[in-house]
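Just so we're clear, the structure is a prediction, and the values are computed from it rather than from any experiment. What you see below is based on every heavy atom in this structure, not just the backbone, and it leaves out hydrogens, waters and symmetry mates.
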Amino acid sequence: MNIYFQKSFQRGFGTYPLKGDDLRAAVDAALEAGYRAFDTAQMYGNEAETGAALAAGGVARAELCITTKVHPDNYSAEKFIPSVEASLAALKLDRADVLLLHWPPADGDVAPSLRLLQEAHDKGLAGAIGVSNYTARMMREAKAAVDVPLVTNQVEFHPLLDQNNLLAAATETGIPLSSYASVARGEVFKHGLFAEIGEGYGKSAAQVVLRWILQKGVPLNTMSTKPVNIRANFEIMDFTLSSVDMARIDTLHATGYRIIKPGLLPWVPEWD
């Protein structure tokens with residue numbers, strides 16, 4: 001089974017942009033709420049703090065799924081493996097449960113960095129591997145570039161953005177999506193539909209959004225520093241949105257709200 005589809009890991013806790021006391025308190029609250037999947041990255045600059053917080057959290061290592069991501073600046077034969085080893089040392093891990101390429105390479109040629117990613121897997125530095133922020137075209141190229149399954153393409157995914165093209169590519173390639181920016185950094189709350197639907201289920205607007213994502217077959221990551229929100233974001237497995245409500249939410253794709261736009265960072269591709 002894909003690691004992110006295990007019930008314990010479908011709801012992950014993202015650590016960006018947390019550091020210091022905020023990160024430690026948030027990780028503690030997430031562990032207490034029941035989260036067992038945690039997401040960090042070389043780019044976040046918080047791997048060591050995340051590793052320390054998880055090590056001190058009192059949850060057995062075997063119960064956790066820890067994901068980190070390789071910075072595009074390290075996509076070279078000289079830098080890739082040493083950067084992964086440095087991440088593992090910072091996280092206090094022998095291996096990552098999941099290792100992702102954080103962005104496509106700036107030149108668009110995905111094969112070389114994917115081969116380095118598989119090398120890290122083959123060396124035992126990662127239990128599973130995947131990608132992030134890949135287009136549908138890149139997902140097809142990625143499938144052909146490696147000999148081991150890619151467990152995810154982690155992308156911006158929320159009801160205000162039509163990602164049906166990526167969902168179709170996920171079905172075609174067998175590379176499932178997982179979400180970040182799951183509530184569009186709060187933009188979803190400008191739309192009353194979520195609170196309206198939530199009233200019928202006794203759930204909040206945020207819980208409706210997150211449940212919609214899961215029912216699309218997409219494991220998710222959320223982040224908050226407020227314990228009440230951390231817990232509420234986790235408590236979304238006790239209701240199911242009707243097909244009618246799912247379709248009503250789907251109409252908000254027309255909003256076309258995207259956080260990660262081309263030009264925002266050097267590695268953001270032209271989305272297809």
Would you check if the side chain of K226 reaches a backbone N or O of A26 as a donor-acceptor pair within less than 3.5 Å?
no
Distance from H158 atom NE2 to L220 atom CG, nearest 0.5 Å?
13.0 Å
With side-chain hydrogen bond (donor to acceptor under 3.5 Å, both in side chains) as the criterion, how do N74 and Q42 come out once you've worked through the C-alpha distance, each side chain's angles and the decisive distance to 0.1 Å?
CA-CA 10 Å; N74 293 322; Q42 294 174 356; 2.9 Å; yes
Please check if the side chain of D272 supplies one atom and the backbone of A136 the other of a donor-acceptor pair under 3.5 Å.
yes
Residues R115 and E119 bridged, charged N to O under 4.0 Å:
no
Is there a chain of hydrophobic side chains (I, L, V, M, F, W, Y, each step under 4.5 Å between heavy atoms) that links V98 to V218?
no
Can you classify the ring geometry of Y35 versus F234 as parallel (below 30°), tilted (30 to 60°) or perpendicular (above 60°)?
tilted
Does any part of the side chain of V151, heavy atoms only, come nearer than 4.5 Å to the side chain of P176, both counted from C-beta?
no
If you look at every heavy atom in I213 and S182, which pair is closest and at what distance?
CD1-O, 3.4 Å
Any side-chain heavy-atom pair of R211 and M246 under 4.5 Å:
no
Determine, stepwise, if the pair L101 / F80 fulfils side-chain contact (heavy atoms from CB on, under 4.5 Å).
CA-CA 10 Å; L101 299 177; F80 196 95; 3.6 Å; yes
Atom CG of residue position D107 - does it have more than 12 heavy atoms of other residues, nucleotides or ligands inside 6.0 Å?
yes
Run the numbers on H253 and N164 for side-chain contact (heavy atoms from CB on, under 4.5 Å), then give the verdict.
CA-CA 10 Å; H253 287 339; N164 281 323; 4.1 Å; yes
Expected output: side-chain T255 to main-chain Y257 donor-acceptor under 3.5 Å
no
Check whether N221 reaches the backbone of S179 with its side chain - one donor and one acceptor, N or O, closer than 3.5 Å.
yes
Is R185 paired with E156 through a side-chain N to carboxylate O contact shorter than 4.0 Å?
no
Do Q215 side-chain atoms and L241 backbone N/O form a donor-acceptor pair below 3.5 Å?
yes
To the nearest 0.5 Å, what is the distance between CG (L210) and CE (M237)?
11.5 Å
Does the plane of the ring in H71 sit parallel, tilted or perpendicular to the ring in W267? Use 30° and 60° as the thresholds.
perpendicular
Could you walk me through whether R36 and D97 satisfy the salt bridge (Lys or Arg N to Asp or Glu O under 4.0 Å) test, starting with their C-alpha distance in whole Å, then the side-chain angles of each, then the deciding distance to 0.1 Å, before giving a yes or no?
CA-CA 12 Å; R36 295 297 180 262; D97 294 297; over 6 Å; no
Is F13 linked to L100 within one hydrophobic cluster, defined over Ile, Leu, Val, Met, Phe, Trp and Tyr using a side-chain heavy-atom separation of less than 4.5 Å?
no
Measure the shortest side-chain to side-chain distance between F194 and L252 over non-hydrogen atoms and say whether it is less than 4.5 angstrom.
yes
CZ-OG1 distance between R24 and T50, expressed to the nearest 0.5 angstrom
10.5 Å
Rounded to the nearest 0.5 Å, how far does OG1 of T251 lie from CG of L193?
6.5 Å
If you define the side chain from C-beta out and look only at heavy atoms, does anything of W271 sit under 4.5 Å from K261?
no
E49 side chain vs K19 backbone, donor-acceptor pair below 3.5 Å:
no
Linking I/L/V/M/F/W/Y whenever any side-chain heavy atoms sit under 4.5 Å apart, do I236 and F9 land together?
no
Q207 to S204 - nearest heavy-atom pair and separation
OE1-N, 2.9 Å
Pair F157, L166 - check side-chain contact (heavy atoms from CB on, under 4.5 Å), show working.
CA-CA 10 Å; F157 195 97; L166 284 184; over 6 Å; no
Please answer whether the main-chain N or O of G57 pairs with a side-chain N or O of D28 as donor and acceptor at a distance below 3.5 Å.
no
Determine the minimum heavy-atom distance between A55 and K92, stating which atoms define it.
CB-CD, 4.5 Å
For N133 and Y180, does a side-chain donor sit closer than 3.5 Å to a side-chain acceptor?
yes
Would you say that I249 contacts I197 through its side chain, given a criterion of any heavy-atom pair below 4.5 Å between the two side chains?
yes
Following the transitive rule for hydrophobic clusters with a side-chain heavy-atom cut-off under 4.5 Å over Ile, Leu, Val, Met, Phe, Trp and Tyr, establish whether V228 and V208 coincide in one cluster.
no
Output the distance between atom CG (L125) and atom OG1 (T68), rounded to the nearest 0.5 Å.
12.5 Å
Looking at E172 and R140, is any side-chain nitrogen of the basic one under 4.0 Å from a carboxylate oxygen of the acidic one?
yes
For the pair S87 (side chain) and S83 (backbone), establish whether a donor and an acceptor sit closer than 3.5 Å, ignoring hydrogens and angles.
yes
Looking at S224 and I230, what are the two nearest heavy atoms and their distance?
O-CD1, 3.3 Å
More than 12 heavy atoms of other residues, nucleotides or ligands under 6.0 Å from CD of Q10: is that the case?
yes
Using side-chain contact (heavy atoms from CB on, under 4.5 Å), reason through D73 and M43 one step at a time and then give a plain yes or no.
CA-CA 10 Å; D73 286 350; M43 192 178 290; over 6 Å; no
Supply the atom-to-atom distance I175 CD1 to M138 CE, rounded to the nearest 0.5 angstrom.
12.5 Å
Non-hydrogen atoms of P269 and P262 that approach each other most closely
O-CG, 3.5 Å
Verdict with reasoning, S8 to E63, per side-chain hydrogen bond (donor to acceptor under 3.5 Å, both in side chains)
CA-CA 8 Å; S8 298; E63 296 181 25; over 6 Å; no
Look at atom NZ of K79 and say whether more than 12 heavy atoms of other residues, nucleotides or ligands are closer to it than 6.0 Å.
no
Non-hydrogen atoms of L88 and D94 that approach each other most closely:
CD1-O, 3.5 Å
Check the side chains of D245 and Y201 for a donor-acceptor pair under 3.5 angstrom, ignoring hydrogens and angles.
yes
Less than 4.5 Å apart, side chain to side chain, heavy atoms only: is that true for L31 and L54?
yes
Does any N or O in the side chain of T15 come within less than 3.5 Å of the main-chain N or O of D39, such that one atom is a donor and the other an acceptor?
yes
Under 6.0 Å from the NZ atom of K216, do we count more than 12 heavy atoms belonging to anything else shown?
yes
Hey, quick one: are L177 and I259 part of the same hydrophobic cluster, counting side-chain heavy atoms closer than 4.5 Å, chains of contacts allowed?
yes
Apply side-chain hydrogen bond (donor to acceptor under 3.5 Å, both in side chains) to residues E47 and T40 and explain how you reach the verdict.
CA-CA 6 Å; E47 287 176 310; T40 183; 5.2 Å; no
Salt bridge (Lys or Arg N to Asp or Glu O under 4.0 Å) between E196 and R248, worked out:
CA-CA 11 Å; E196 176 190 333; R248 293 173 70 197; 2.7 Å; yes
Mind checking whether L23 and Y16 have side chains closer than 4.5 Å, heavy atoms only?
no
Can you find a heavy atom in the side chain of I81 that is under 4.5 Å from one in the side chain of K123?
yes
Apart from F5 itself, which Ile, Leu, Val, Met, Phe, Trp or Tyr residues share its cluster (side-chain heavy atoms under 4.5 Å, direct or through members)?
M1
Donor-acceptor check, side chain of T152 to backbone of S178, threshold 3.5 angstrom: yes or no?
yes
